[in-house]
Amino acid sequence: MRYRYYFLEALFITLLIFFIGFIIGYTLENNRNLILKEYYSETEDSINSLFEEIDKFNLNSSECETLIEKGLELGDRIYRQALIFEKYETSAILTTNHLIEEHKKFDLLRTLYWANLIDLKKYCNGGSNTLVYLYDYRPKKIKDIAKQKTSSTIASEIKVIFEDDLILIPIAKNLNISYLDKLIEMYEIPQDTVFFIANEEKIFKYGEMEEIKDYLSRI
Amino acid sequence: MEPIAIVYFFYMFVSLYFLSLSLVIYFHNRNRIALDPIANKPYFLSILIPAYNEEGTIANTIHSVFETNYKFLKEVIVINDGSKDKTLEIAKSLERKYPLLKVIDKKNSGKADSLNQAIRIVKGDFITIIDADSYPDKDAFSKMMGYFDDKKVGVVTAACTPINRETFLGRLQSIEYKVIAFTRKLLEFIDSIYVAPGSLSIYRKKALKDIGGFDPTNLTEDIESTWHLLKDGWKVRMSLSASVKTVVPTKLKDWWKQRVRWTVGGFQVIKKYIGYIFRNGMFGYFVIPFFLFGLVIGIMGLGIFIYLGIIKIIQNIGIMLYKLNSDLSPVTLSDLNLNPTLLNYFGITLFIFFLIFTLFVLLSMKDKSLKNENFLEIIFYMTLYLIAYPPMIIWSVYKWIKGGVLWR
């Protein structure tokens, strides 16, 4: 059949356009992932260095002040990176599986950062308040999605209000990060906890924005 | 990759494939697309104009037929299908002016039956069917008749364009009809023209008699007769340069009703000829699967779209309620994700491809209206059809099922 060539040529053109599209798309997403990788290694180095510093015994007050300052800067960076990560994640199509792994790595890093801050608080007896936002990674039910979206907004708004006086640490609690599970166990944090103010071990459930604000203003 | 992303990519792939196919066919046949063969011998032509309540247009249709330059006109028969208005009187009043004009009056029995009754008495070997609200160009018949030199050609059709473009809907249909005419001509090169529309088509009498005339049970007798001819191995041809102007609906309600009728007629022919799938050459290997596939993916796509839309709406309402409950603003700028995904890029690229194709078609057909129509209208036309067609299919399925009981 002479028309067969028309159909085959059209198929070839379509496949070619799709192939080019996928290559461009993959490159684009991969570039975003490389940015995230850079963020990861930068943050990992900063956290390790903070760890080493805190591990020194008998920190004097000026050393404490420097470390608290460093911790705060790192917190801000981690929060900004988390926002970028979220943006890239919602836009990813071809590299979603890879991003789940990356997300887990970032959450582990944030958990380590949280642990660092607990130690810093212990040794230096000061520093900014930390608000740990414990969320579910990719909730399935519509109700949970809606609730979580609200909680995210609350977290962001509180961060805007308290600026440098608050370190916001968002961590997904359902990615099987054993170190996070240990901390949750240690502080006896209930399963449905959304916001946890680590230094006072104060727990808040969903939707308690005013209470969190009041509490943070008082301490 | 998420399953839904795979579904989206599948839809884009199919759309792009058909666009590529159109372009491939065009580039292989671009030198032949506007050429019409010149008839080697005289072909005597009988013209049938079925009319039902066409008092506003019938006279102009008759005038335009007699104003054509075709020399071998045998007769023009107006079949008044029990009109309740003055169609009959107007047609009769023109009999004295045009000696070749005959007016038949009969009880209302539908267009197909009217044509079948007239076919029995025609004298010419070729039968032109013209809707009573359509006006062929002066040289339309001359340009079409040459195709009948090929003895296997059963029907030849022309490019149909709206005459009433003053309304917005009229202008949109003007663009649509041009695109349809162009793509229909392309389908000729793969022997897959699936309809010779009633606005103007010329049939070989032998072919029409072989298939037993028009099917009165079908809502779109022109699609049915074309499919029947294809099934029996007759060729369907089209003259892109032969033009017929027709009156198109200018009210959305009428337009919708017309399209639903066409779609339901399409379902009827699919049902009638589904048994010939993957048989009888291009008819079974392309025309039937093309129609069926379009129908299935149209309904499926709409189903997915509605499902995802409802989920999204419920989700957003939930978010807003929870936010209000927590004294938060229900909508914030941060809710917008302005980071485009690969799917967005593909979608936009595909839309641009189709836009370029539409512009190319309009330019190829030297559409004067293109100068008057602004670019936004073309974009609006594409968007409207993209949005309107899937619900129309669903509504047509409903009407088909509902109407099926009545038509028995």
Side-chain angles (χ1 to χ4, degrees), chain A residues 1-18 20-29 32 83-84 86-97 138-139 141-154 156-157 160 206-213, chain B residues 1-2 4-6 8-9 12-29 186 189-192 281-282 285-286 311-312 314-332 334-335 337-346 349-350 353:
Chain A
M1 202 193 294
R2 67 194 154 98
Y3 321 124
R4 191 187 298 159
Y5 298 104
Y6 294 168
F7 290 98
L8 290 176
E9 273 180 47
L11 183 66
F12 175 75
I13 292 169
T14 312
L15 286 171
L16 185 71
I17 294 172
F18 255 69
I20 293 168
F22 273 103
I23 294 288
I24 293 170
Y26 188 79
T27 312
L28 192 85
E29 287 191 13
R32 289 174 180 172
L83 292 178
I84 294 169
E86 191 190 5
K87 205 169 80 171
Y88 287 177
E89 208 170 25
T90 47
S91 309
I93 298 285
L94 302 175
T95 55
T96 42
N97 289 338
R138 295 191 178 181
K141 289 180 187 166
I142 294 177
K143 192 180 167 188
D144 295 339
I145 294 169
K147 270 181 152 183
Q148 189 149 296
K149 190 80 189 164
T150 311
S151 302
S152 296
T153 313
I154 289 176
S156 310
E157 294 216 354
V160 171
Y206 147 79
E208 297 171 328
M209 169 127 161
E210 287 308 313
E211 288 90 330
I212 300 169
K213 267 161 58 182
Chain B
M1 206 190 298
E2 300 272 333
I4 194 67
I6 295 171
Y8 284 137
F9 278 126
M12 289 181 194
F13 187 88
V14 170
S15 311
L16 189 62
Y17 178 74
F18 283 108
L19 184 66
S20 307
L21 184 63
S22 301
L23 291 175
V24 167
I25 297 171
Y26 173 77
F27 281 107
H28 279 282
N29 300 282
L186 293 180
F189 299 111
I190 54 168
D191 283 331
S192 297
M282 286 303 281
Y285 281 96
F286 183 74
I311 296 278
K312 196 81 188 159
I314 294 172
Q315 197 174 299
N316 284 336
I317 290 172
I319 292 169
M320 282 200 273
L321 289 176
Y322 278 119
K323 280 186 175 178
L324 285 171
N325 202 29
S326 305
D327 291 329
L328 292 167
S329 165
V331 184
T332 53
S334 61
D335 293 332
N337 179 21
L338 299 174
N339 216 28
T341 68
L342 180 60
L343 277 168
N344 299 135
Y345 286 126
F346 264 81
T349 309
L350 200 59
F353 281 175

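Lettering of chains follows the sequences in order, A, B, ..., and the numbering in each one begins at 1.
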Against chain B, label Glu86(A) side chain, backbone, both or neither, depending on which of its atoms sit under 4.5 Å from a heavy atom there.
neither

What part of Leu28(A) lies closer than 4.5 angstrom to a heavy atom of chain B: side chain, backbone, both or neither?
side chain

Tyr17(B) side-chain N/O to Leu15(A) backbone N/O, donor-acceptor pair under 3.5 Å:
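Not a single qualifying donor-acceptor pair exists.
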
Centroid separation under 6.0 Å, is that true for the rings of Phe22(A) and Phe9(B)?
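Yes; Phe22(A) has its ring centre under 6.0 Å from that of Phe9(B).
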
Kindly compute the distance separating [atom1] ([X]) from [atom2] ([Y]), expressed to the nearest 0.5 Å.
X	Y	atom1	atom2	value
Ile17(A)	Leu19(B)	CD1	CG	8.0 Å
Leu23(B)	Glu9(A)	CG	CD	11.5 Å
Ile145(A)	Ile314(B)	CD1	CD1	11.0 Å
Leu186(B)	Tyr6(A)	CG	OH	10.0 Å
Thr14(A)	Met12(B)	OG1	CE	14.0 Å
Tyr345(B)	Ile93(A)	OH	CD1	11.5 Å

Per-residue contact mode, [X] against chain A (heavy atom under 4.5 angstrom):
X	value
Phe18(B)	neither
Asp191(B)	both
Tyr8(B)	neither

Quick one: of Arg32(A), Glu29(A), Glu157(A), who has the most non-hydrogen atom pairs under 4.5 Å with chain B?
Arg32(A)

Which pair of heavy atoms, one from Ser20(B) and one from Ile13(A), lies closest together, and at what distance?
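Taking Ser20(B) first and Ile13(A) second, the nearest heavy atoms are OG-CG2, 3.8 Å.
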
Can you see which heavy atom on Tyr322(B) is nearest to which on Ala146(A), and at what distance?
CD1-CB, 3.5 Å

Within a strict 4.5 Å, meaning less than it, do heavy atoms of the Lys149(A) and Gln315(B) side chains meet?
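No, every pair of side-chain atoms sits at 4.5 Å or beyond.
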
With Ser22(B) via side chain to side chain donor-acceptor pair (under 3.5 Å) - residues at least two apart:
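Partners of Ser22(B) under the side chain to side chain donor-acceptor pair (under 3.5 Å) test: none.
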
Which of the residues Leu342(B), Leu16(B), Leu21(B), Ile190(B) is involved in the greatest number of heavy-atom pairs with chain A at under 4.5 angstrom?
Ile190(B)

Would you call the rings of Phe13(B) and Phe18(A) parallel, tilted or perpendicular, where under 30° means parallel and over 60° means perpendicular?
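Answer is perpendicular, since the angle exceeds 60°.
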
Kindly write out the residues that satisfy ring-ring contact (aromatic ring centres under 6.0 Å, His included) with Tyr88(A), not counting sequence neighbours, or none if the list is empty.
none

